[in-house]
Amino acid sequence: MEQLRRTHNCGELRETNLDETVTVMGWVDSRRDHGGVIFIDLRDRWGITQVVFNPDINKETHERAHTLRSEFVIAAQGKVTARSEETINEKLPTGKVEVYCNTLQILNKSDVLPFQLDDTDITENNRLKHRYLDLRRKEMQEGIILRHKAAKTIRDYLDAHSFLEIETPILNKSTPEGARDYLVPSRVNEGMFYALPQSPQIFKQLLMVSGYERYFQIVKCFRDEDLRADRQPEFTQIDIEISFTNANEVMEITEGLMKNIVKTVDGRDIEGNFKRISWHEAMNKYGCDKPDLRFDLEIKDLTEIAGNSDFKIFNSIAKSGGIIKAINAKQAEFSRKDLDDLTNELAVYGAKGMAWIKVTEEGLQSPIIKFFSQETLDQMMEVMEAKPGDYILFGAGKPSIVHASLAYLRLAVGKRLNLIDENALNFLWVTDFPMFEKDEENGKLKSLHHPFTKPLCTDLKDLTEKPEEVISDAYDLVLNGCEIGGGSIRIHNVEMQKEVFKALKIGDEEAQEKFGFLLEALRFGAPPHGGLALGFDRILMMLLKKESIRDVIAFPKTQKASCLMSEAPSRVDKKQLIELSLKSLANLDNE
RNA sequence: GGGGUCGUAGUUAAGUUGGUUAUAACGCCUGCCUGUCACGCAGGAGGCCGCGAGUUCGAGUCUCGUCGACCCCGCCA
């Protein structure tokens, strides 16, 4: 028999199609075999249509329909028929009609699936092992489809703003700065390696030198670092670069882009400009550079007041360059266990403990109030705007530890007290980052952003004389406390770039070897330029309210960076290694 | 590199102080059933309790190791 040709999909048949003879194709979503009449929910990408097999219509077809099982792939030809009033299914858009099947073709059989597609709590292990089946599930299909639509929105928006999508190489030169590189051995250059791009940073800058003015790319990037719920070794960036621009323009264009993406994925209109906050303000008020501003709960500085008290611990912390900060958990009703739990959770950030004060109608309660004078307590409570029922939670010690633990505490308290509106979309620009930070390991300066970021200082000497005070023309985009992008205005002047390298203790020779082609390009009429990169996966994760970035990636890796389906990475033939002049130090037989 | 949670039929889970034949739901198989859409009814099959040691008369249960998944710290310009 000649194969039937699909005339309609499973989501489109309506009463307007009554009496038409149609052919639908898809998967058997479920079967309800009554012995006499058999009902099949036939599913394809577009929906579900009920197919009816009745011995009165075609005895032989009905006979064969008994053999159908879940996920068989079939073609069903028959007449679109109205359902009687009492058999209409209001849950289905196609629920007022059904196809009375006359001709059935079984296009493929299916083994019993390792899990049921309508099961909502399959372990991720199982989902990843059979990802192609996981992706068959409606929830996953919706995510993948929205991902496509978001990508199209991005291309449409940027095209309308005169951007050109230009591809950059995947096989690149390795540079030791930044994240660990994924390396690819070169067969024709024995002993040499390419690196996969951590981002197309230098190439997009070169495209500005080439005069393309407005570049974008939806591009895979690779970083060989440990994974997290929001971090994959390969991920997708929306990479953007603009010539003759400034930070404001980059932010404006990005805001327009984000609003379009939100409209596409989530359906909502975001009004007004995104908020902006300086890096210093973010650190001081929220303890981190990506604060979740869906709720207030600011961190207050008590170093002055508490550091000058008679409480020896606070006193010595303040004298040795430490800080004392606190948040006010309003009307918290914490039990002693709650406080202990929070204290334990802070330990991972290096906090040695968490002092607290309970505010009651009768006065303050805490193991530490006896160390403070009434005046000091009054001053602290005034700063904290304490009211009966509140809990004041302290962090004291090294600034980095206090900030990290109070930033965590702020989120933990926000969640416990239900201060967070789960439906809010709070976009925030964080600006005025320091140019450099000290590497805790070796004490050397390193770029907070990357070494091509333009400093905002007027005097280039500041870069080497007081580098830690220099602010950069960089900006991060934060959504609900998640960093979804970042960028900067770049250095387009060779002298300035050399000064930055000097501040980073990258010598002329080293700079020449690693970035010589960029330095050279800057000498040939490089226009002022800047841009940013947005984390496409993270944006989708946030907008689709997924727990993990893996849920918006078709074929993600596990935390150990392996693919449970294909079992990558794997050993390779010894022959392959020899061809590449490689020998593994691992205790494996690569035969 | 470190901390934590978890691993029991195909799936998701229960499993008492260590004690008879390891439960349940869904799925699967067989039969019956002409209006179901979470179809129904009757019956049935299905287990390396992740893996390996140890303790014990006896281990799904306790101990150690190991493998894997997840969350976090470090790391991620």
Side-chain angles (χ1 to χ4, degrees), chain A residues 29-42 48-57 62 66 69-71 81 83-92 94-95 98 100 111-130 133 175-181 198-199 201-202 221-233 235 344-351 400-401 404-405 408 433 435-437 439-441 445-453 472 474 483 486-488 500 504 506 533 535 547-548 550 557-560 562 564 567:
Chain A
D29 198 61
S30 71
R31 79 194 151 100
R32 294 174 292 280
D33 187 340
H34 288 231
V37 68
I38 299 170
F39 301 99
I40 295 288
D41 283 347
L42 193 64
I48 283 177
T49 292
Q50 178 161 279
V51 178
V52 186
F53 298 89
N54 191 312
D56 305 337
I57 301 283
H62 173 261
H66 280 300
R69 293 293 181 273
S70 284
E71 301 305 310
T81 311
R83 299 203 198 181
S84 66
E85 197 63 42
E86 63 280 7
T87 62
I88 286 173
N89 186 347
E90 299 288 356
K91 290 179 204 157
L92 291 178
T94 60
E98 56 197 0
Y100 270 67
D111 287 353
V112 177
L113 264 43
F115 51 80
Q116 289 156 255
L117 298 186
D118 57 0
D119 199 338
T120 48
D121 49 331
I122 320 150
T123 54
E124 196 169 9
N125 209 332
N126 262 314
R127 291 173 53 203
L128 291 176
K129 216 174 266 175
H130 309 278
L133 296 179
T175 54
E177 276 75 24
R180 197 175 290 115
D181 282 327
Q198 296 177 24
S199 81
Q201 182 59 37
I202 293 178
C221 301
F222 306 85
R223 293 177 191 178
D224 187 6
E225 296 294 345
D226 285 353
L227 283 74
R228 287 283 191 286
D230 62 354
R231 271 159 44 183
Q232 281 275 304
F235 61 100
N344 288 336
E345 287 161 30
L346 292 186
V348 295
Y349 300 98
S400 59
I401 290 176
S405 34
Y408 172 82
F433 284 78
M435 195 63 188
F436 308 106
E437 64 180 341
D439 191 319
E440 301 256 345
E441 269 175 41
L445 283 187
K446 60 178 188 181
S447 295
L448 203 74
H449 201 61
H450 58 56
F452 319 114
T453 303
S472 68
E483 183 194 328
S488 64
V500 170
L504 289 167
I506 297 175
E547 297 279 306
S548 150
R550 297 184 296 276
K557 304 271 191 293
T558 69
Q559 197 166 52
K560 282 197 75 188
S562 64
L564 295 182
E567 296 184 318

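A, B, ... follow the sequence lines: proteins, then strands. Residue 1 opens every chain.
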(request) Using a 4.0 Å heavy-atom cut-off across all strands, classify A/E483 as base, sugar-phosphate, or nothing. (result) nothing
(message) With nearest nucleotide decided by heavy atoms, which residue, A/L448 or A/N126, maps closer to the 5′ end of RNA chain B?
(response) A/N126
(request) Please state how far atom NE2 in A/H130 lies from atom C1' in B/rA69, giving the value in whole angstrom units. (result) 14 Å
(request) Record whether the side chain of A/Q116 comes under 3.5 Å of the base of B/rU12 through a donor-acceptor pair of N or O atoms. (result) no
(request) Searching all strands shown, indicate the nucleotide that pairs with B/rA25 (Watson-Crick or G-U wobble; both distances under 3.5 Å). (result) B/rU11
(request) Tell me whether the OP1 or OP2 atom of B/rA69 has a side-chain N or O from A/T558 closer than 4.0 Å. (result) yes
(request) Spell out yes or no: do the side chain of A/E98 and the base of B/rG35 have one donor N/O and one acceptor N/O closer than 3.5 Å? (result) yes
(message) Any base atoms under 4.0 Å from A/D118, or only sugar-phosphate, or nothing? Heavy atoms, all strands.
(response) nothing
(request) Examine B/rC37: is either OP1 or OP2 under 4.0 Å from a nitrogen or oxygen in the side chain of A/K91? Give yes or no. (result) no
(message) Could you tell me how far B/rC70 sits from B/rG65 if I compare only their P atoms? Round to whole Å.
(response) 22 Å
(message) Whole angstroms only, please: what is the CD1-P distance between A/I38 and B/rC33?
(response) 12 Å
(request) Starting from P on B/rC67, measure out to CG on A/N125 and report it in whole angstrom. (result) 16 Å
(message) Taking 4.0 Å as the cut-off, does a side-chain nitrogen or oxygen of A/R69 come that near to OP1 or OP2 on B/rC29?
(response) yes
(message) Heavy atoms only, 4.0 Å cut-off, all strands: where does A/L92 land among base, sugar-phosphate and nothing?
(response) nothing
(message) Less than 4.0 angstrom between a side-chain N/O of A/R31 and OP1 or OP2 of B/rG27, yes or no?
(response) no
(message) Please determine whether a side-chain nitrogen of the Lys or Arg among A/D226 and A/R231 lies less than 4.0 Å from a carboxylate oxygen of the Asp or Glu.
(response) no
(request) Consider the side chain of A/V37, meaning its heavy atoms from C-beta on, and name the nucleotide among B/rC71, B/rC37, B/rG35 that approaches it most closely. (result) B/rG35
(request) Please work out if A/D224 contacts a base, only the sugar-phosphate, or nothing of the nucleic acid, heavy-atom cut-off 4.0 Å. (result) nothing
(message) Need one value for A/D226: base, sugar-phosphate or nothing, where a base atom within 4.0 Å counts as base even if backbone is also close, heavy atoms only.
(response) base
(request) Hunt down the Watson-Crick or G-U wobble partner of B/rG31, both distances under 3.5 Å, from any strand shown, or write none. (result) B/rC41
(request) Please state the C1' separation for the pair B/rC26 and B/rU17 - nearest whole angstrom. (result) 33 Å
(request) Kindly say whether, by distance alone, the side chain of A/R83 makes a donor-acceptor pair under 3.5 Å with the base of B/rU36? (result) yes
(message) Let me spell it out: for each of A/S548 and A/A404, pick the nucleotide of RNA chain B with the closest heavy atom. Which residue's pick is nearer the 5' end?
(response) A/S548
(request) Figure out the NZ/P separation between A/K560 and B/rC71, and round it to whole Å. (result) 15 Å
(message) Rounding to an integer number of Å, can you tell me how far A/D29 CG sits from B/rC39 C1'?
(response) 15 Å
(message) Counting only side-chain heavy atoms from C-beta out, which of B/rC75, B/rG68, B/rC70 sits nearest to A/R228?
(response) B/rC75
(request) Scan every strand shown for a Watson-Crick or G-U wobble partner of B/rU55, both distances under 3.5 Å, and answer none if you come up empty. (result) none
(message) When the P atoms of B/rC73 and B/rC28 are compared, how many Å lie between them, rounded to an integer?
(response) 42 Å
(request) Determine if A/F39 stacks with B/rU36; use a centre-to-centre distance below 5.5 Å and an interplanar angle below 30° as the criteria. (result) yes
(message) Please give the distance between the P atoms of B/rG47 and B/rC67 as a whole number of Å.
(response) 28 Å
(message) Give me the distance, rounded to whole Å, that separates B/rG2 from B/rG60 when you measure between the C1' atoms they each carry.
(response) 30 Å
(message) Please determine whether a side-chain nitrogen or oxygen atom of A/R32 lies at a distance below 4.0 Å from atom OP1 or OP2 of B/rC39.
(response) yes
(message) Please name the nucleotide paired to B/rG47 by Watson-Crick or G-U wobble geometry with both distances under 3.5 Å, or report none.
(response) none
(message) Distance check, C1' atoms only: B/rA22 and B/rG58, in whole angstrom units.
(response) 16 Å
(request) Mind checking A/D119 for me? I need base, sugar-phosphate or nothing, with any heavy atom below 4.0 Å counting as a touch. (result) sugar-phosphate
(request) Kindly state whether the pair A/H34 / B/rC39 counts as stacked, where counting means centroids closer than 5.5 Å and planes tilted less than 30° apart. (result) yes
(request) Can you tell me, in whole Å, how much space there is between the C1' of B/rC6 and that of B/rC49? (result) 14 Å
(message) OP1 or OP2 of B/rU12 versus the side-chain N and O atoms of A/T123: is any pair under 4.0 Å?
(response) yes
(request) Measure distances between side-chain N and O atoms of A/R231 and base N and O atoms of B/rC76, and say whether any donor-acceptor pair falls under 3.5 Å. (result) yes
(request) Look at all strands and tell whether A/N89 reaches a base, only sugar-phosphate, or nothing, counting heavy atoms closer than 4.0 Å. (result) base
(request) Let me know the distance between CD1 of A/I122 and C1' of B/rC26, rounded to the nearest Å. (result) 12 Å
(message) Taking atom CG as the centre, does A/D111 end up with more than 12 heavy-atom neighbours from other residues, nucleotides or ligands that are less than 6.0 angstrom away?
(response) no
(request) Using a heavy-atom cut-off of under 4.0 Å over every strand shown, decide if A/S562 touches base, sugar-phosphate, or nothing. (result) sugar-phosphate
(message) At less than 4.0 Å, is any side-chain N or O atom of A/N344 found next to OP1 or OP2 of B/rG4? Yes or no.
(response) no
(message) Nearest whole Å is fine: how far is B/rC28 P from A/E71 CD?
(response) 11 Å
(request) Could you please name the partner base of B/rU5, counting Watson-Crick and G-U wobble pairs only when both distances are under 3.5 Å? (result) B/rA69
(request) Could you give the distance separating B/rG50 and B/rA14 at their P atoms, to the nearest angstrom? (result) 13 Å
(message) I need the OH-C1' distance between A/Y349 and B/rG74, as an integer number of Å.
(response) 12 Å
